[in-house]
Amino acid sequence: MNATLCSEAVAPTRQELLIFTIAGLLAGCRHVAVGAASPIPGAGALLERARSNGTPRVSVLGSTRNNFFTNGGVELFDCAAQGRIDAFFLGGGQIDGSGNVNLVGTGSYPSTEVRWPGSFGSAYLYFLVPRVILFREEHTRRVLVERVDFISAPGTSEKGIYRPGGPHALLTNLALFDYDRERRRFRLRSVHPGHGIEEVLDNTGFAFDRPDTVPQTPLPDHETLALIRGRVRDEIGEVYPRFVETAFPSGV
Amino acid sequence: MNATLCSEAVAPTRQELLIFTIAGLLAGCRHVAVGAASPIPGAGALLERARSNGTPRVSVLGSTRNNFFTNGGVELFDCAAQGRIDAFFLGGGQIDGSGNVNLVGTGSYPSTEVRWPGSFGSAYLYFLVPRVILFREEHTRRVLVERVDFISAPGTSEKGIYRPGGPHALLTNLALFDYDRERRRFRLRSVHPGHGIEEVLDNTGFAFDRPDTVPQTPLPDHETLALIRGRVRDEIGEVYPRFVETAFPSGV
Amino acid sequence: MSACQIRDLDDLAAAIPDGAKLAVSADYSGPAMAATRALIRRRVRNLHLVCVPVSGLQAELLIGAGAVDVIETSAVTLGEYGAAPRFVAAVRRGKITLKDATCPAIHAALQAAAKGLPFMPLRGILGSDLLKHRPDWKVIENPFAPGDSGGDPIVALPAIKPDVALFHAPLADRDGNVFIGRHRELMTMAHAATQTLITVEEISETNLLEDERFAAGVIPALYISGVVEARSGAWPLGLWNAYGEDEAFLRRYVAAAKTDAGFADVLARWLGEPAMAAE
Amino acid sequence: MSACQIRDLDDLAAAIPDGAKLAVSADYSGPAMAATRALIRRRVRNLHLVCVPVSGLQAELLIGAGAVDVIETSAVTLGEYGAAPRFVAAVRRGKITLKDATCPAIHAALQAAAKGLPFMPLRGILGSDLLKHRPDWKVIENPFAPGDSGGDPIVALPAIKPDVALFHAPLADRDGNVFIGRHRELMTMAHAATQTLITVEEISETNLLEDERFAAGVIPALYISGVVEARSGAWPLGLWNAYGEDEAFLRRYVAAAKTDAGFADVLARWLGEPAMAAE
């Protein structure tokens, strides 16, 4: 446990740790966009904004107060292509060791065994946004596979393909990985408190790099936790009222 | 003189004849767009609408009451490309016998001897709008030349070039020509009252076809003239207040 | 098709022929659900559904009712209510032809049609399996790539020109102008489509283009083929700034539609009971 | 460049460097004339002026003041006041490099930049002498032309990405959101440009994005680098729904600017007398 976390405070929940970790991945960003159905990434971006004097600007799709687009559904994509979005979040039914993501389904396309909704904007934003953070809470061999069954969006591209963007990190309930664009592989950065490297290895379907000693994912200090449970909770609650009821300790 | 024009009515002015003639060129159109600085074409389109039960729809650039565009300056061009504009008007510092128009200048480009404003949307709309009406009041060898010095927009295109649009007619202070797309030449349709074929030949710098007997351009009947001097005058006056002061007989 | 011929939802449904390429808005952007119900009631068939850029319950119901041959979309999902069961079942059974896309590709292809262009280039996509399964998408060379760069491939998307665009909006006026506010993709749909059919919550007696502030978010009547007033026309989904989705209904729907029989029952009750909103 | 660094017209003029690719709006679409005067006063030089899609007095003054190297435009005209005398003189003397265009080509090239595309295709233009004098425009084959069609050439326009977009609008708020109403080309300019500098008639104390009706015509602060309040900022030209052009001034201008000396006199008086509007 982080020494600056006062012992009398309620310990951070799993979601609060993820929110804090995401905020750390957004340092230095000028503008972060958050897609639909993404309460934890949204809260992470709002935390980074709250503790960094209003930077980055945060656009939360589905929000009224934190959505600045006025040109319809295409604006997020145009804005990314203009280089005005520094970070975005992608999930994936499957994510493989090269950073490929699959949002379409398992088995043989088109008659997939399991069909997921579809690729949304992934096949575009993964190319255009410099810091794409792969975020998937479930950390299992079902999700983190050696090779995705369908590439909604590739993790890397051949030389000569226009690609200012790509994967930056992968965050799950167990661990945080950095993505190494040169080696086209993930590198374990830290394991969350309460979990160990063996658990990560057991539940990851792809090979990844790691340091000799794997650190623990840092926890938020008291002040940051108060910010999460106060301002950030209020701000994200506008878009995700049911999320805040479950993700944050009650009565805080 | 047209027999139905009552003798007690004030005879149509030059501008009124042009307005009436333009209206006749718009029969059957669903939507006519009128560019900037075009009071006579605008009045012609509004006349056709007034006497045809609201068809065509008329978009007058610069108008508040008769401008339906809400997507900025590009909408006129997009709308034309969608096939939603049946007729448009082009002028030209020079117009030649093939229907080429020059809105750029005379002499050698770029250091033209005489420089006009520029090509505006001509190089696009001439290709996309089915019925482009060339309208230039001045009928002289200076304007109607054998070959334009600069092709802002060509009258015809090679086979294989996407071109649903092109020249439909040429109207001047002296005469009305049809454009023959097969022969790529103008054909004189009629000469305005008070002028003759010799005057047209003397003042036209290009060769054109003509029937053995050239008819006189028809004049508006009493009812139509009243419509021009009433409703059309009011409608076009919204955009061109100074035009209506000079173009229509006072006190009518 | 003139606006004055379309007086009610049945007229509107009749104006969308079997086999039409039909563009619909996303569930969160004015879905014309009352019109969709009328379409299903008239047993529309063989639709080529274009979802702008995704769909949910609207595509789900049309697919479940057997109205869809082809679906071109970036996703079909009921969001927090879960997967769209009839869509998933139809995919598994190979009952519909999938044209899986990515959101900006659908926007770009509609913009191409709105501009009368044969195609629009778009970055990204290269190396995705989407491209592999979309033989109608081509890869061309960027003609402006520096000569020494070894080339710069870029995807070219053919224009999508819907026969009909269909959506629900808060307000139209008697002249047929329709307010869509910031939901600009609805304007692109109307510009791109041959015909645009609209349902609205309310008809304004004053012209929407007269107020310059209002006018920026208005689709002019020029692009509109028919407007039908349909209060709660997005129900059981929501309409921005007006009402939210009917959560209880959607939960019941997802539970029931897991089976063919359950869906058939929902559909029969829904089509037979126009006042279900008041349940 | 942060919005808070730009407090007045001189700050704004200082933020537009010599040699900038500067996009300006048409005379009828919120021309930033007060800012243009400040630019001339600071003796800006070597501008590459992009007129969206045409210009009039604004280009004329900048050219007359010797500030322009290159002008990319579909026309320069003072409308009913006649030809733009300094533009015409500069063309005749070969003092400026002309990039003659056609309106939709400028719109399309800005839209390409707004979409991060290297180019945009556009119909028309083929066979025009514009194309002959624009080696930066290329002709490509439509990749979707039927194989038996013998090809379908189409013009590809390289994106225009202005360093700075500059215009005048009726209203902005304290957060930097700017209302442009139906003048959507101003939004495209802001999306396309690296920086966008604005003058406005008035600063609103309430946020313009809060009213959904208003919001459709608002450029979000995200795209805005600086806003300066400048009452009558379009003078001697007009601003939609606010004020008309100053006809007497424009007539005097056209008469005076026919000669170099006359223009120099106008310019000296204009720059020296900020209150000339009250003459």
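Only heavy atoms go into these numbers, but all of them, side chains included; no hydrogens, no water, no symmetry mates. Proteins get letters first, then strands, A, B, ... in listed order; numbering begins at 1 in each.
Note on D:A156, D:G217, D:P158, D:P170: by heavy-atom pairs under 4.5 Å with chain C, the leading option is D:P158. Comparing D:I180, D:V218, D:L209 by how many heavy-atom pairs each has under 4.5 Å with chain C, the most go to D:L209. Of the listed residues (D:P104, D:P143, D:G181, D:A215), the greatest number of heavy-atom pairs within a distance under 4.5 Å of chain C belongs to D:P143.
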Determine which donor-acceptor pairs between chain D and chain C fall under 3.5 Å and list them with their distances.
| unit_1 | atom_1 | unit_2 | atom_2 | d |
| --- | --- | --- | --- | --- |
| D:Q111 | OE1 | C:K115 | NZ | 2.8 |
| D:K115 | NZ | C:Q111 | OE1 | 2.8 |
| D:R182 | N | C:E212 | OE2 | 3.3 |
| D:R182 | NE | C:E212 | OE1 | 3.2 |
| D:R182 | NH2 | C:L209 | O | 3.2 |
| D:R182 | NH2 | C:E212 | OE1 | 3.4 |
| D:L209 | O | C:R182 | NH2 | 3.3 |
| D:E212 | OE1 | C:R182 | NE | 3.2 |
| D:E212 | OE1 | C:R182 | NH2 | 3.4 |
| D:E212 | OE2 | C:R182 | N | 3.3 |

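Every side-chain contact (heavy atoms from CB on, under 4.5 Å) that D:A192 has, sequence neighbours left out, goes to D:L110, D:A113, D:A114, D:P162.
The shortest non-hydrogen separation linking C:P121 to D:P121 is CD-CD, 3.7 Å. Listed here is the closest heavy atom pair of D:L122 and C:L117: CA-CD2, 3.8 Å.
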